[in-house]
Amino acid sequence: MNREELIEYAVSEHGAQPEYLWKKYPNYFVLRHSAGGKWFAVVMDVPKRRLGLDRDGSVYIADLKCGPILGGSYLGKKGFLPAYHMNKENWISVLLDGSVPREEFITLLETSYYLTK
């Protein structure tokens, strides 16, 4: 899944429009519940080296809430990293570069949605 597919899915399934909150980071956005306003995803473009990836350039990631047990089961798998700028115990970062199958990403996005409701 990529950034555009994520936006399309969030809008169509949950009516969640991306909110660009940071002037300094114009590509960062959050997806939040319409009722209550809690975030269920944070999307950022981050330098790969900041994520511990030994490569140049940047990559889009989505931070998703999943809890410590589920999150721990994904760490070490391709496309999954400890959360960037979120609580690493309850959130996980997922690369939006196509390395994670769409169905697996959607499952985690829906988990995040329900955990933050």
Side-chain angles (χ1 to χ4, degrees):
M1 177 161 283
N2 64 38
R3 179 179 177 268
E4 291 74 26
E5 291 170 324
L6 168 55
I7 292 170
E8 183 180 310
Y9 181 87
V11 170
S12 69
E13 295 299 315
H14 299 294
Q17 295 287 338
E19 292 182 46
Y20 298 87
L21 303 175
W22 301 279
K23 197 177 274 192
K24 183 176 178 182
Y25 301 104
N27 294 326
Y28 287 23
F29 65 85
V30 299
L31 296 171
R32 67 172 84 215
H33 293 272
S34 57
K38 284 190 173 184
W39 299 359
F40 64 93
V42 182
V43 177
M44 302 167 271
D45 61 327
V46 179
K48 292 177 182 177
R49 294 200 188 273
R50 281 203 188 150
L51 297 170
L53 304 174
D54 193 26
R55 295 176 245 156
D56 291 327
S58 63
V59 64
Y60 277 101
I61 61 168
D63 278 357
L64 305 173
K65 189 166 188 173
C66 59
I69 295 172
L70 184 58
S73 70
Y74 279 101
L75 292 178
K77 288 178 66 176
K78 184 178 180 176
F80 298 94
L81 302 165
Y84 183 77
H85 278 299
M86 296 296 276
N87 179 312
K88 289 175 180 27
E89 186 174 320
N90 292 303
W91 292 73
I92 193 165
S93 287
V94 184
L95 298 179
L96 295 176
D97 64 354
S99 60
V100 174
R102 178 182 171 84
E103 300 77 29
E104 194 168 19
F105 182 86
I106 295 296
T107 298
L108 281 170
L109 181 66
E110 291 299 317
T111 299
S112 184
Y113 184 82
Y114 288 105
L115 286 174
T116 55
K117 198 165 189 176

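We're numbering straight along the sequence, starting at 1.
- Considering all non-hydrogen atoms of both residues, A10 and L31 come closest at CB-CD1, 3.7 Å.
- When side chains are defined from C-beta on, L109 counts as touching L6, because their heavy atoms get closer than 4.5 Å.
- By the criterion of side-chain heavy atoms lying less than 4.5 angstrom apart, applied directly or through intervening Ile, Leu, Val, Met, Phe, Trp or Tyr residues, V11 is grouped together with Y9 in one hydrophobic cluster.
- Connection of F105 to I61 is not established within any shared hydrophobic cluster, with ILVMFWY side chains joined at heavy-atom distances below 4.5 Å, either directly or through further cluster members.
- Closest approach of W91 and A83 over heavy atoms only: O-CB, 3.3 Å.
- With sequence neighbours excluded, the residues that form a side-chain contact (heavy atoms from CB on, under 4.5 Å) with S73 are L70.
- As a member of the Ile/Leu/Val/Met/Phe/Trp/Tyr network built from side-chain separations under 4.5 Å, L115 groups with nothing else and remains a singleton.
- Grouping the Ile, Leu, Val, Met, Phe, Trp and Tyr side chains by contacts below 4.5 angstrom, directly or via other members, places M1 apart from V59.
- With L81 as the partner, the side chain to side chain contact (heavy atoms under 4.5 Å, CB included) test is satisfied by one option alone out of L95, I92, V94: L95.
- No continuous path of hydrophobic side-chain contacts links V43 to Y25 [ILVMFWY only; heavy atoms under 4.5 Å].
- At least one side-chain heavy atom of D97 sits under 4.5 Å from a side-chain heavy atom of S99.
- For residues 32-56, the set of pairs meeting the ring-ring contact (aromatic ring centres under 6.0 Å, His included) definition, not counting sequence neighbours, comprises H14-F40, W22-W39, H33-F40, H33-Y113, F40-Y113.
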Checking D63 against S93 for the side-chain contact (heavy atoms from CB on, under 4.5 Å) test, could you report, in this order, the C-alpha distance in whole Å, the side-chain angles of both residues, the deciding distance, and whether it holds? CA-CA 4 Å; D63 278 357; S93 287; 2.3 Å; yes

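- At least one donor-acceptor pair closer than 3.5 Å links the side chain of E5 to the backbone N or O of N2.
- Taken to the nearest 0.5 Å, the CD atom of Q17 stands 13.0 Å off from the CZ atom of R32.
- Residues E4 and Y60 have side chains that never bring a donor and an acceptor to within less than 3.5 angstrom of each other.
- Under the 4.5 Å side-chain contact rule for hydrophobic residues, L75 and I69 do not share a cluster.
- Within the structure, the ring-ring contact (aromatic ring centres under 6.0 Å, His included) test picks out the following pairs touching residues 61-81 (sequence neighbours left out): Y74-F80.
- With sequence neighbours excluded, no residue forms a salt bridge (Lys or Arg N to Asp or Glu O under 4.0 Å) with K38.
- In this structure a side-chain-to-backbone donor-acceptor pair under 3.5 Å is missing from S112 to L108.
- Judged as a salt bridge (Lys or Arg N to Asp or Glu O under 4.0 Å), the pairs with a partner in residues 43-55 (not counting sequence neighbours) are, in order, R49-D54, R49-D56.
- Rounding to the nearest 0.5 Å gives a distance of 10.5 Å between NZ of K65 and CD of E89.
- The shortest distance between side-chain heavy atoms of Y28 and V42 does not fall below 4.5 Å.
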